[in-house]
Structures are given as C-alpha cells and as structure tokens.
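Notes follow the structure.
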Number of protein chains: 2
Amino acid sequence: MNTTDATSPLLRRRNGKLITDARALVASYPAVPITVDCVIFGFEENELKVLLIRSDLQYFEGKWSLLGDIVKETEELEEAAYRILLQRTGMNDVFLEQVKAFGSPSRHPGGRVITIAYCSLLNIKHHELKIYDNELHWHNVKNLNDMAFDHKEVVDESYNWLQKRIQEHPLAFNLLPEKFSLRELQNLYEVILGVELDRRNFRKKFFSMDFLIDLDQYEENVPHRPGKLYKFNFEKYEKNKKKWFAIDF
Amino acid sequence: MNTTDATSPLLRRRNGKLITDARALVASYPAVPITVDCVIFGFEENELKVLLIRSDLQYFEGKWSLLGDIVKETEELEEAAYRILLQRTGMNDVFLEQVKAFGSPSRHPGGRVITIAYCSLLNIKHHELKIYDNELHWHNVKNLNDMAFDHKEVVDESYNWLQKRIQEHPLAFNLLPEKFSLRELQNLYEVILGVELDRRNFRKKFFSMDFLIDLDQYEENVPHRPGKLYKFNFEKYEKNKKKWFAIDF
DNA sequence: CCAAAAGTGTTGCCCCTACACCCATGT
DNA sequence: ACATGGGTGTAGGGGCAACACTTTTGG
C-alpha cells in the first residue's frame, strides 16, 4: 500500500531540499484558537467541589462552565492557567498540573477551539474568591450535569486523574488547611476515592510514612474530644521521594 | 472575559448579557497552528527504540524529529495521530494514547505552533515501514540528542509516561510479537524500566496473574534450550481489570 | 451522664524478595 | 562434552486488612 500523502508538508520529502523559510511554512498552516480550562478542586463540608461559572454564551444559557480563557500569543500554556487562577481566586501559589488536551472539532458552537485542561487544587477556606461574576461558585463534583461545551467530560477525566494521583503523590494536602487533623485527612481520601477506610490502618499508614509533623496543638470548638493537628513535611518528602516499582495489573 | 471588577456584589450576572454570536466570538480569537507528534516506540534487539525522521527544516539541519503533522480542520486529535501512524507504518490497529500538550511560544522557529504528543507502541517486526523518506528509522531511546524542536523533551516525557504505564497496564504486549517467550517479556520490562529482575519471581508474578495463554509451542532456532511461547489474554484481562487502591508515596 | 469522635495493638495472611540447582537444546 | 539459557521451590519478612475497647471533650 502506498501511503504517501504529498499534501502533508511535514511528511513530504522535498527532493533533498530543506525548507529555508520556516516562518512562511508556519504561516501556511491552518490555525485554531487555543484555550486553557482550569478544573479547580476544593474540599469543604466533606465534599469535593469544583469552581464553576455560568456560561457567557446564549447557546449554553444556564449551563455551568469551567474557568477558561484564550492563551495569549506569547504565553506559555501553564502561564495562562496560572493567570486564570490568579484572576479568579487571587492566588498564585497553588498546585497546578496539565491533564489533557481536548480537541473535538465540534466541542465549541462557534467553531473549532482546542483546549488544554489543567487541574488545580486549593484550600477553599484560605482563598476567598475575589470576583463573583457569572455566579462563580463551588459545586459538588457528584452533582454535575448539563455543563457547557465538553466540560463534563473534562471534569470527569480530571477527577479520574486526581483519584489516581492522590494515591501516588501527596497532592491531597493542597486541599487542606496547613494544620489539619487526621480525621480531616482521612475524610478527604474517603470522599475523593469513594471508599471507606479503617481509621487505625489509615493512621498507621501515614505515621509510618513519617511525613506528618506533630504540632502539639488540638482542634478547637468541636463538640467532642479534639484531635491533634499536623502539617505535612514537604521538604522531607521531596528529599525521600521513592522511586516506586511494582508490576501490578 | 472581564475579571478586573473586584467590587462585584455576590452572584452578580455579568451585565446580564449573554453572547449570542458564538461564531463571531471564536473568529475574534487569536489562532495558532496545531500539530500532532507521534512518539512511536518499538522493541528490537533488546533495545527500546523510537521512530524518527530527519527534520525538513534547514534551521534543524541534520537533527532528528518525531513524526508529526498538522491537525486537519475537521479532524479529531486522535484521528490525526492515527493518520500519521498509518502513513508511516501502514498500521491502523496499534496502541495509541495522548501524553501531553507542548505549547511553548518559542518551540518552533517559524512562529508559535502547539503540538499534542501521542505515544504509540508497536511490534517492529510485524510492521515493516513503507516509506523511508527523510531517513525514517528506529533509534535507541538511550542515544538521543540534538533533536529538532523540543522533541527531546517530548520523548523524555513520553518515556517517563511509558515506564509508569507498563507497571499498571499490560501495554508492554503491544511491543512484542503475538507469541513471545517469558524471557522476551522480562527483557522488555528490564530494558524499559532500567532494572534487573529475578527470573523466578518474574515468572511467578505473571503466571499468578493468569493472563498468559500457554500455546504449547516452543522457540525455534535458538542456540540453547527453547523457551515456551505464550500470548496475552486481552479478553480475560478486560473482564477482570482490577480497581486498584493503595496509598503509596 | 451521655454523645461523639479520638486514640491505640495484635494477629493472620498474602505477596514480595532472595536465593541455587537441574534440564533441554545446539554446537 | 560443554555452553547457554529454560525451568523450578522454599523460607523469611513486611505490609495490609480485620477487628473492639478506652479516653477525652462538650453539652
């Protein structure tokens, strides 16, 4: 089978000739608007929440949308994501990582727009929202439907991504206050993973990892015996990161 | 998106106006050419290899480049990746998965081009290359340098991605012939992960997973006792996929 | 004193690791 | 016969799961 396709500039051999005018080549390419969408997760009242606004588009009237924006011409993708976070939450020191690119030709009613989804984790309490335009607020991840664009799919993939990542890396601490009780930590894992965990085993697990700093402080204003407060030792973790290996499927 | 008005009252709808002309909105956005780059891995002579061509650009004269192409206007991203694979290898039934988007404004000398990297795994022997334009051939992953664009970074990230994935999912079988010996399987894991594994434990591990079908056939033309041949039971694996859970970092 | 959640140990099991010898084939 | 890799079993240890009672605080 001859699969040569003379119309593909990058695949076609130029009879031994190299392309000298790279700028003209790129200018000849079809171009598409690129956005970044932020899936901003928070944890509050024992629920995993995601930050959404009402869509601006009449086409999606009443539907919820992720926070996103066009990537500026001279901007790194990640830079664009940080910009969106800063504009909406006033924060620039939050966890952020790329999840996936979504590029279905029909995902935007105004024509093709490709978006790169970023996942961000932050502590709702410590980051009061600055701007409430378009009914910006937190939604329980479990109760999402009727979202604009393909944003339901984006959230679902980001949630799957998160479930996997928090088992391999200490991301979960980004969702908690600096000082937290073991109960809060366990609730977080239980809610995100959708499982129930044994309290004693959970404690043993985390204490044996030895990345929790005992603050010798206790919860206050709780209607029961107060729990001890801890913080996560990021420095120690960074030094001792294990290179894990285990074939398991 | 106007996000500068920090004094907005709670839950205010932005001027109450919805955008009616989505097409005009999208047309007003800056646009960027989008490519897909395929990191095609193969396994041969006990080496993990990646399929590369010489760059067409004079700017990168002599440097090696991934196989990539512009995403066509009505094409899914994944569809573009499959098209590239088909053009170059004649194959359309290969493993393919998105790895990451790369969008640094300066990654292409001709102006901004954003690329989505896809990772593909195939068996070199069973897929003879059809087109050798631009010196298309297989390179040992260990000996890459001086690649065009940011392709070294793309390959590195894809390789990290692969190392992680083959420990969680049976991807490795895509790199082997349908019938393989346990030694070949072990070599593959050892090379990709860069570790040495105990032969007995490796066998126990895979036999206990019970996803290998014993073909009652043996290697031929080997200068030693021939090993048994197996194939992977994809159907059984799909049915029994485990939902793994283990906090571990 | 009651409610509610904190805190704490032990046991069994399974899986992983480490390790050495004989077997089948080609030359 | 020899060289080469194929094939096999066992013992010990570590980590995970299962499991119940006492303690501390607030109301």
Side-chain angles (χ1 to χ4, degrees), chain A residues 43 45-46 166-168 170 176-177 179-191 193-231 240 242-249, chain B residues 43 45-46 166-168 170 176-177 179-191 193-231 240 242-249:
Chain A
F43 187 68
E45 294 162 351
N46 254 5
I166 62 163
Q167 296 181 55
E168 298 167 3
L176 291 174
K179 304 174 180 183
F180 52 85
S181 68
L182 270 180
R183 164 58 55 188
E184 290 177 288
L185 184 61
Q186 184 176 338
N187 284 345
L188 181 60
Y189 272 92
E190 289 184 338
V191 168
L193 298 175
V195 295
E196 293 219 333
L197 302 172
D198 181 273
R199 197 164 76 256
R200 284 166 291 193
N201 295 335
F202 186 83
R203 300 177 142 259
K204 264 178 295 184
K205 179 76 190 170
F206 272 90
F207 287 142
S208 74
M209 291 192 301
D210 207 26
F211 290 135
L212 295 182
I213 299 171
D214 184 337
L215 295 171
D216 257 312
Q217 296 175 39
Y218 293 85
E219 293 178 299
E220 286 173 18
N221 304 321
V222 287
H224 56 75
R225 173 174 173 179
K228 265 201 167 187
L229 296 178
Y230 299 87
K231 64 177 189 177
N240 301 20
K242 75 190 232 191
K243 19 190 180 307
W244 59 270
F245 167 71
I247 297 171
D248 201 15
F249 48 82
Chain B
F43 188 68
E45 294 164 352
N46 253 7
I166 63 163
Q167 296 181 55
E168 298 167 2
L176 292 174
K179 305 175 180 184
F180 52 85
S181 68
L182 270 180
R183 163 60 53 188
E184 290 176 288
L185 184 61
Q186 184 176 340
N187 284 345
L188 180 61
Y189 273 91
E190 289 184 336
V191 167
L193 298 174
V195 295
E196 292 219 331
L197 302 173
D198 181 273
R199 195 164 79 255
R200 284 165 290 191
N201 294 335
F202 186 85
R203 298 178 143 260
K204 265 179 294 184
K205 179 75 191 172
F206 272 89
F207 288 143
S208 74
M209 291 192 302
D210 209 25
F211 290 135
L212 295 182
I213 299 172
D214 184 338
L215 295 172
D216 258 313
Q217 296 175 38
Y218 293 85
E219 292 177 299
E220 287 173 17
N221 303 321
V222 287
H224 55 75
R225 174 174 172 180
K228 266 200 166 186
L229 297 178
Y230 300 87
K231 64 177 190 177
N240 301 19
K242 74 190 231 190
K243 23 192 179 304
W244 58 269
F245 166 71
I247 298 171
D248 201 14
F249 49 81

inquiry  = Heavy atoms from C-beta onward define the side chain here; which of dT8(C), dG9(D), dG7(D) lies closest to that of Arg225(B)?
reply    = dG7(D)
message = Checking contacts here: which listed nucleotide (dA5(C), dG6(D), dT17(C)) is nearest the side-chain heavy atoms of Asn201(B)?
response = dT17(C)
request  = In whole angstrom, give the distance that lies between atom NZ of Lys205(B) and atom P of dG7(D).
outcome  = 20 Å
query = Distance from Gln186(A) atom CD to Arg203(A) atom CZ, nearest 0.5 Å?
reply = 8.5 Å
query = From the list dG6(D), dA20(C), dG7(C), which nucleotide is the closest neighbour of the side chain of Lys228(A)?
reply = dG7(C)
request  = In whole angstrom, give the distance that lies between atom CD of Gln217(B) and atom C1' of dT25(C).
outcome  = 18 Å
inquiry  = Regarding Arg183(B), tell me which of base, sugar-phosphate or nothing describes its non-hydrogen contacts under 4.0 Å with the strands shown.
reply    = sugar-phosphate
task = Answer with base, sugar-phosphate or nothing: what part of the nucleic acid does Arg203(A) contact at a heavy-atom distance below 4.0 Å?
result = base
request  = Please confirm whether any donor atom in the side chain of Arg200(A) sits under 3.5 Å from an acceptor in the base of dA20(D), or the reverse.
outcome  = yes
task = Could you pick out which residue, Pro223(A) or Phe245(B), lies toward the 5' side of DNA chain D when each is mapped onto its nearest nucleotide?
result = Phe245(B)
task = Assert yes or no for the condition that the ring centre distance of Phe206(A) to Tyr189(A) is strictly below 6.0 Å.
result = yes
key: Between dG7(C) (C1') and Asp214(A) (CG): distance, integer Å   = 13 Å
request  = Starting at atom CG of Asp248(A), determine the distance to atom C1' of dG15(D), rounded to an integer number of angstrom.
outcome  = 14 Å
message = Tell me whether Gln167(A) contacts the main-chain N or O of Ala246(B) through its side chain, where contact means a donor paired with an acceptor under 3.5 Å.
response = yes
Length of the line joining Asn221(B):CG and dT27(C):C1', which is rounded to integer Å = 14 Å
ask   = Once you round it to whole Å, what is the distance between P of dG15(D) and CZ of Phe202(A)?
value = 18 Å
query = So what does Lys204(B) touch, heavy atoms closer than 4.0 Å: a base, only the sugar-phosphate, or nothing?
reply = base
request  = Mind calculating the distance between CD (Glu220(A)) and C1' (dT25(D)) to the nearest angstrom?
outcome  = 13 Å
inquiry  = Using whole Å, what does the distance between atom C1' of nucleotide dA18(D) and atom CZ of Arg199(A) come to?
reply    = 14 Å
ask   = Should the heavy atoms of other residues, nucleotides or ligands under 6.0 Å from NZ of Lys205(B) be counted, would the total exceed 12?
value = yes
task = Check the angle between the aromatic planes of Tyr230(A) and Phe207(A) and answer parallel, tilted or perpendicular using the 30° and 60° thresholds.
result = tilted
query = Base, sugar-phosphate, or nothing for Asp198(B), non-hydrogen atoms under 4.0 angstrom?
reply = base
ask   = With nearest nucleotides of DNA chain D determined for Phe207(B) and His224(A) from heavy-atom distances, which residue corresponds to the more 5′ nucleotide?
value = Phe207(B)
